[in-house]
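Report on one structure; see the data block that follows.
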2 protein chains.
Amino acid sequence: MSPQDGRTRILDAALRLFAERGAAATTVRDIAAAAEVSPANVLHHFGSKDGLREAVDAHVETLVERMVEGDPAHREAIGGAGEDATGSLAEMFGTAFPPDSPLPAYLRRLILDHDARGAAFVTSWIDQSERLLREFEQRGTVRPSDDSRARAAFVVANDLALLLLREQLTTALGTDPLSPEGMTRWAAMALDTYTHGLYADRDPHATATEEETP
Amino acid sequence: MSPQDGRTRILDAALRLFAERGAAATTVRDIAAAAEVSPANVLHHFGSKDGLREAVDAHVETLVERMVEGDPAHREAIGGAGEDATGSLAEMFGTAFPPDSPLPAYLRRLILDHDARGAAFVTSWIDQSERLLREFEQRGTVRPSDDSRARAAFVVANDLALLLLREQLTTALGTDPLSPEGMTRWAAMALDTYTHGLYADRDPHATATEEETP
DNA sequence: CACCATACTGAACAGATGTTCAGTCATGCA
DNA sequence: TGCATGACTGAACATCTGTTCAGTATGGTG
């Protein structure tokens with residue numbers, strides 16, 4: 001039989017299957033089979049299917065927290081002075097977890113099912129990004145903005161899009177953007193675009209105040 | 001009873017419910033109740049639940065096609081010369097459909113359930129964006145890029161993030177980014193960032209060739 | 001040793017779900 | 001008028017799903 005503890009085998013199998021198909025489309029019997037236990041044993045450990053879902057959620061939350069705390073951007077935010085700190089979630093996932101980790105997909109599900117926990121993740125990331133950008137602003141590495149809240153949301157949304165559209169981008173680009181090669185490729189392009197802009201600069205000395213063409 | 005034809009009532013109800021909860025979490029009886037018909041009648045018209053799902057998919061596809069064809073960017077791409085053409089999908093959705101339209105949510109499901117049809121949408125949008133950007137490049141409105149394919153994917157992903165994270169962004173910003181006010185706010189910020197960049201430009205005359213800090 | 005908590009199982013159950021089917025009703029056509 | 005076609009329904013069916021329950025094995029504790 002598999003080496004691990006029965007309970008953790010169930011938890012791992014549930015995490016993987018929930019991430020792949022979604023919790024609603026995963027049956028207790030599926031999880032039991034994947035963990036090589038009886039269906040009744042799944043409920044013995046977690047009370048109900050929903051209890052298992054909550055346990056998986058909590059597990060994921062601690063994993064993500066640990067990941068964020070290990071990132072240079074966070075270490076900088078709490079005191080130190082980092083150099084290569086971007087706070088990119090996609091980058092963190094790419095470096096902190098193996099390519100076949102179910103975590104990115106699970107997080108995607110969390111956000112897709114407009115779950116309250118997923119929304120809380122997003123809001124907290126936007127908050128954190130806003131703080132980080134403001135700090136970089138004062139240091140002169142980031143341009144000031146008329147709407148720093150919206151810009152922080154923009155950055156986080158763009159970052160999360162990499163997680164949410166991973167498969168689609170992989171087929172469209174021919175490279176998994178969360179793999180090491182894919183990350184360097186994407187980061188180089190994003191850095192260039194984030195530095196010099198997408199549109200050609202007609203007035204290089206323009207301030208942040210600008211009107212949209214109607 | 002509701003004014004419309006029975007069949008279209010079922011189709012509309014299915015579109016709305018599939019978009020809200022996902023197809024797997026929606027029962028035939030739910031749809032029947034929403035359309036005020038019997039469950040058997042749903043299957044009478046569409047053969048099976050999966051047949052209904054395919055019919056809804058096809059319906060959505062024509063709606064989206066019609067939307068894209070009505071957009072200035074597309075009219076420009078096929079000959080004319082537009083001014084305000086950005087090709088932004090989020091913008092199209094915001095202007096072409098009422099705020100309570102189930103279409104954005106349905107499309108989100110389509111994309112995130114790594115459905116083949118959703119993947120096809122994304123790839124075709126990236127192709128189209130790449131063509132559009134290349135044209136703008138030659139015209140001088142868009143900066144050249146070392147990796148125009150990845151940049152097109154970047155733009156589309158950022159654009160789609162607005163659809164995928166609509167609810168979360170609404171709570172985080174206090175404004176629905178697909179509403180008229182939300183769109184102007186978002187577009188102003190995005191235009192500023194896409195024009196002058198996010199990072200302060202240390203070397204304003206740098207070309208696209210640049211290295212990432214390791 | 002006896003005792004007990006815990007991990008675990010097989011079998012069963014109640015409810016929900018997709019689907020089938022015989023039959024009703026209305027409409028248009030011969 | 002008679003009749004065929006298609007929209008529509010109520011009732012039933014087989015299957016799947018989450019959950020319950022009585023019972024077994026095991027390992028540690030008094």
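So that the names make sense, note that chain A is the first sequence line, chain B the second, and so on, each numbered from 1. Since this is a predicted model, take the numbers as computed values, not measurements.
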### Message
Looking at B:Phe136, is its backbone amide N or carbonyl O close enough to the side chain of B:Thr141 to form a donor-acceptor pair, meaning the two atoms are under 3.5 Å apart?
### Response
yes
### Query
So, does B:Lys49 use its side chain to make a donor-acceptor pair with the main chain of B:Val42 at under 3.5 Å?
no
### Summary
Here the distance between atom P of C:dT9 and atom CZ of A:Arg7, to the nearest Å, is 16 Å
### Message
If I take atom CD in residue A:Glu36 and atom C1' in nucleotide C:dC8, what distance separates them, rounded to the nearest angstrom?
### Response
14 Å
### Query
Can you check whether A:Pro177's main-chain N or O pairs, donor with acceptor, with A:Thr175's side chain at less than 3.5 Å?
no
### Task
Show your reasoning for whether side-chain hydrogen bond (donor to acceptor under 3.5 Å, both in side chains) applies to B:Thr27 and B:Asp30.
CA-CA 5 Å; B:Thr27 72; B:Asp30 287 340; 3.2 Å; yes
### Summary
Checking D:dA12, C:dT9, D:dA7 against the side chain of B:His45 (C-beta onward), the nearest is D:dA7
### Query
Looking at the side chain of B:Ser38, which of C:dG10, C:dA12, D:dT9 is the nearest nucleotide?
D:dT9
## Note on the structure
From NZ of A:Lys49 across to C1' of D:dT20 the rounded distance in Å is 17 Å
### Query
Rounding to a whole Å, what distance do you find between B:Phe46:CZ and D:dG6:P?
16 Å
### Task
Measure the distance from CG on B:Leu17 to P on C:dT17 and round it to the nearest whole Å.
13 Å
### Nucleotide of C:dT19, D:dA7, C:dC8 approaching B:His44 most closely (side-chain heavy atoms)
D:dA7
### Message
Do A:Arg151 and B:Thr193 pair up side chain to side chain, a donor and an acceptor below 3.5 Å, judged on atom types alone?
### Response
no
### Task
To the nearest Å, give me how far apart CG (B:Leu52) and P (C:dT19) are.
10 Å
### Summary
B:Arg29 atom CZ is separated from D:dG10 atom P, nearest whole Å, by 12 Å
### Task
Could you pick out which residue, A:Val28 or B:Ile10, lies toward the 5' side of DNA chain D when each is mapped onto its nearest nucleotide?
B:Ile10
### Task
Would you mind telling me which residue lines up with the more 5' stretch of DNA chain C, A:Asn41 or B:Asp50, judged by nearest nucleotide?
A:Asn41
### Query
Considering only side-chain heavy atoms of A:Leu43, which listed nucleotide, D:dT9, D:dT20, C:dT17, is closest?
D:dT20
### Task
Counting heavy atoms from C-beta on, name the nucleotide in D:dT19, D:dC21, D:dT9 closest to the side chain of A:Ala40.
D:dC21
